[in-house]
Trainee: 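One structure, pasted below without further comment.
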Amino acid sequence: MNVVQSIADVRRIRRESGGSWGLVPTMGFLHAGHVSLVERARRENDFVGVSIFVNPTQFGPTEDLAAYPRDLARDLQLLREAGADLVWTPPVEEVYPAGFQTYVTVEEVTKPLEGAARPTHFRGVATVVAKLFNVFQPDRAYFGQKDAQQAVVIRQMARDLNFPLEVVICPIVREADGLALSSRNVYLTPEQRTAAPVLNRALRAARTAWEAGERDGEHLRQIMRAVLDAEPLARPDYVSAADPVTLQELGDAGRGVLLSMAVRVGRARLIDNVLLVNG
Ligand code: AMP
């Protein structure tokens, strides 16, 4: 496994290898969710590239950039075991050199949900992912359904800017009690950790109602809010039953629905979702 820092090294290794490449972008502090993306990429490509970069442009001024957890030695061990070929761990100046001034803005699908709560977030995500696509030139790029809106934004950007690659979205990996794996779960105290599966319980309650025929979007949102309200440590940021493509809130959820939420538990801001489609 090659571990490199410079763009020139990534480009050289990419150029000298014959065969297809899968790319898995990450911010490090890896867990079984990230590993599932690497394993999928391993199965579907000749070579697997992984980036580990805590991207400053996707953090807001009051967010956890400085505190974001890091453990490069452990990450590299996990990636070696998962069969990665190339790991790019650039310093910030390699990605954003002095004088950097070009950003990628995806318009409509970045406005609601996470975009409403974190106004500059997706500009940072789209910009860094566009750069990753240009540096690695992968045949396929792997993202998690955990970040459902990010998946929609990246697909849109790849289509709109004609990136010649396939965007692959992988299922959410969860703890046994339903909590979606996240690098940010490390912020939870033991008491908060016990409360955190409430997100998944709320989503499952709405899914059960939808499967039983409930199609009223507002009723689905109420079901989720009621479960969250019963947990005193959970402070909801938003609760959504939206169109899976446009991400607009639905009145009628008959043609499929993305149920999603962001909830503060202690200093962690947790997100989770479930995608319900007909058939
Ligand atoms: P991050 O390091 O948080 O930026 O995540 C890197 C990639 O891993 C993103 O595409 C995430 O959606 C994905 N990911 C994070 N957590 C999970 C999870 N629990 N299950 C599946 N994919 C995940």
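As the structure lists them, so they are numbered: ligands from 1, and atoms in each ligand from 1. Note: hydrogens, waters and symmetry copies are ignored here, and every other heavy atom, side chains too, is used.
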Trainee: Which one holds for M27 and ligand 1: side chain close, backbone close, both close, or neither close, with close meaning a heavy atom under 4.0 Å?
Mentor: both

Trainee: For ligand 1, does L37 get within less than 4.0 Å through its side chain, its backbone, both, or neither, judged by non-hydrogen atoms?
Mentor: side chain

Trainee: Return the orientation label for the F133 and F143 ring planes: parallel under 30°, perpendicular over 60°, tilted otherwise.
Mentor: perpendicular

Trainee: I'd like the name of whichever of E175, R40, Q150 reaches closest to atom 9 (C) of ligand 1 through any heavy atom.
Mentor: Q150

Trainee: So is there a nitrogen or oxygen of P25 less than 3.5 Å from a nitrogen or oxygen in ligand 1?
Mentor: no

Trainee: Looking only at protein heavy atoms, identify the closest one to atom 22 (N) of ligand 1 and say how far it is in Å.
Mentor: G144 CA, 3.6 Å

Trainee: For R184, state whether at least one heavy atom is located under 4.0 Å from any atom of ligand 1.
Mentor: no

Trainee: Which residue owns the protein heavy atom closest to atom 11 (C) of ligand 1, what's the atom, and how far is it?
Mentor: D147 OD2, 3.1 Å

Trainee: Between the side chains of R184 and D64, is the shortest nitrogen-to-carboxylate-oxygen separation below 4.0 Å, so that they form an ion pair?
Mentor: yes

Trainee: Short N/O distance, under 3.5 Å, between Y142 and ligand 1?
Mentor: no

Trainee: For ligand 1, which atoms, with element, lie under 4.0 Å from some heavy atom of P171?
Mentor: 20 (N), 21 (C)

Trainee: Where on R174 is there a heavy atom closer than 4.0 Å to ligand 1, on the side chain, on the backbone, on both, or on neither?
Mentor: neither

Trainee: Hey, is R43 close enough to E39 for a salt bridge, meaning N to O under 4.0 Å?
Mentor: no

Trainee: Strictly below 4.0 Å, N to O, side chains only: are R269 and E114 in salt-bridge contact?
Mentor: yes

Trainee: With a cut-off of under 6.0 Å to the ring centre and 45° to the axis, is R140 in cation-pi contact with W21?
Mentor: no

Trainee: Look at atom 1 (P) of ligand 1 and find which of K146, H31, H34 reaches it with the closest heavy atom.
Mentor: H34

Trainee: Pairs of nitrogen or oxygen atoms closer than 3.5 Å, one from Q145 and one from ligand 1: do any exist?
Mentor: no

Trainee: Would you mind telling me which of L258, V274, V173 makes a side chain to side chain contact (heavy atoms under 4.5 Å, CB included) with Q145?
Mentor: L258

Trainee: With a cut-off of 4.0 Å, which atoms of ligand 1 are near a heavy atom of F143?
Mentor: 10 (O)

Trainee: Just wondering, are more than 12 heavy atoms of other shown residues or ligands nearer than 6.0 Å to CZ in R12?
Mentor: yes

Trainee: Looking at D272 and R174, is there a salt bridge between them, counting it only when a charged N and a carboxylate O are closer than 4.0 Å?
Mentor: yes

Trainee: Would you call the rings of F100 and Y103 parallel, tilted or perpendicular, taking 30° and 60° as the class edges?
Mentor: perpendicular

Trainee: Does the N or O separation between V173 and ligand 1 drop below 3.5 Å for any pair?
Mentor: yes

